[in-house]
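Only one structure is covered here, and it is reproduced in the block below.
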Amino acid sequence: MAKRWLSFSLLFLGVFYLYSALADNGAPGKKLKMQFSTGPRLKFQICSSRTSRYKRVFEEYMRVLNQRYPDIRIEGENYLPLPIYRHIASFLSVFKLALIGLIILGKDPFAFFGMQAPGVWRWGQENKIYACMMVFFISNMIENQCMSTGAFEITLNDVPVWSKLESGHIPSMQQLVQILENEMKLNVHMDSLPRHPS
């Protein structure tokens, strides 16, 4: 009995350690791509899920905008979901591996608690390949849902100029250029106004 608890404790500590390591890797600040310049700062915050097409859109916009506005500094970073969703996704990615390992090794985790294994676990032991594939794909699907925000947020000098979360769509290149032209004209106009000492 003591050996069982020791094995279970070591397995639990290993899963917890992997979960903590993965949660730290998802910390904010990971840049997609960054270019330095001396002009205004245009910042894109986009959805970072694995199935996101927004990275390609960002790279295309950055290429065109760099040609049109060479003095603008363009930055891109991941728009992270709420911390609870990030932790759920990290936990699932570790739990998935532990569960697949138990299925392959033929270990019964329910025996540690003196419980009878449910029918789905017995089916998984009889059909290990299918069970591992189901665990892998279902877990990946839930992880992607947790990490997907659908965000494509744009700020110019930390002032929001576009939000896909509010508008429901990504701006076209023509819309983005028009927004930038208007914002830059407004900034030039504001800079030219005389300043009165207070």
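Heavy-atom basis, side chains included; hydrogens, waters and symmetry copies ignored.
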Give, for atom [atom1] of [X] and atom [atom2] of [Y], the distance between the pair rounded to the nearest 0.5 Å.
{"X": "Phe44", "Y": "Phe58", "atom1": "CZ", "atom2": "CZ", "value": "6.5 Å"}
{"X": "Ile154", "Y": "Leu176", "atom1": "CD1", "atom2": "CG", "value": "4.5 Å"}
{"X": "Leu97", "Y": "Leu102", "atom1": "CG", "atom2": "CG", "value": "11.0 Å"}
{"X": "Leu99", "Y": "Lys96", "atom1": "CG", "atom2": "NZ", "value": "11.0 Å"}
{"X": "Asn144", "Y": "Leu92", "atom1": "CG", "atom2": "CG", "value": "11.0 Å"}
{"X": "Gln45", "Y": "Thr149", "atom1": "CD", "atom2": "OG1", "value": "9.5 Å"}

Do you reckon [X] sits in the same ILVMFWY cluster as [Y], going by side-chain contacts under 4.5 Å, direct or chained?
{"X": "Leu82", "Y": "Ile142", "result": "yes"}
{"X": "Leu105", "Y": "Val94", "result": "no"}
{"X": "Trp121", "Y": "Phe113", "result": "yes"}
{"X": "Phe95", "Y": "Phe112", "result": "yes"}
{"X": "Val64", "Y": "Tyr54", "result": "yes"}

Please indicate whether [X] has more than 12 foreign heavy atoms, meaning atoms of other residues, nucleotides or ligands, lying under 6.0 Å from its [atom1].
{"X": "Met173", "atom1": "CE", "value": "yes"}
{"X": "Phe110", "atom1": "CZ", "value": "yes"}
{"X": "Ile129", "atom1": "CD1", "value": "no"}
{"X": "Gln67", "atom1": "CD", "value": "yes"}

Just checking, any donor-acceptor pair under 3.5 angstrom between side chains of Glu181 and Tyr69?
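Distance-only check passes for Glu181 and Tyr69.
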When you check the side-chain N and O atoms of Glu153 and Ser163, is any donor under 3.5 Å from an acceptor?
yes
Under 4.0 Å between a side-chain nitrogen and a carboxylate oxygen: does that hold for Lys43 and Glu77?
yes
Ion pair Arg63/Glu60, N-O distance below 4.0 Å:
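Looking at Arg63 and Glu60, the cut-off is met.
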I want to check something: taking the side chain as every heavy atom from C-beta on, are [X] and [Y] in contact at a cut-off of under 4.5 Å?
{"X": "Tyr79", "Y": "Phe152", "value": "no"}
{"X": "Arg41", "Y": "Leu156", "value": "no"}
{"X": "Ile103", "Y": "Val135", "value": "yes"}
{"X": "Ile74", "Y": "Asn66", "value": "yes"}
{"X": "His169", "Y": "Trp162", "value": "yes"}
{"X": "Tyr61", "Y": "Ile170", "value": "yes"}
{"X": "Ile46", "Y": "Lys55", "value": "yes"}

Do side-chain atoms of Asn157 reach the backbone of Pro40 as a donor and acceptor pair under 3.5 angstrom?
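Side chain of Asn157 to backbone of Pro40: no pair is present.
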Under 3.5 Å, is there a donor-acceptor pair between the side chain of Ser148 and the main chain of Gln145?
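No.
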Derivation and outcome, side-chain contact (heavy atoms from CB on, under 4.5 Å), residues Arg86 and Leu80:
CA-CA 8 Å; Arg86 292 199 312 265; Leu80 296 173; 3.6 Å; yes
Looking only at heavy atoms, what is the nearest atom pair of [X] and [Y], with distance?
{"X": "Ile88", "Y": "Cys146", "result": "CG2-SG, 3.7 Å"}
{"X": "Ala89", "Y": "Glu143", "result": "O-CG, 3.7 Å"}
{"X": "Ile104", "Y": "Cys132", "result": "CG1-SG, 3.8 Å"}

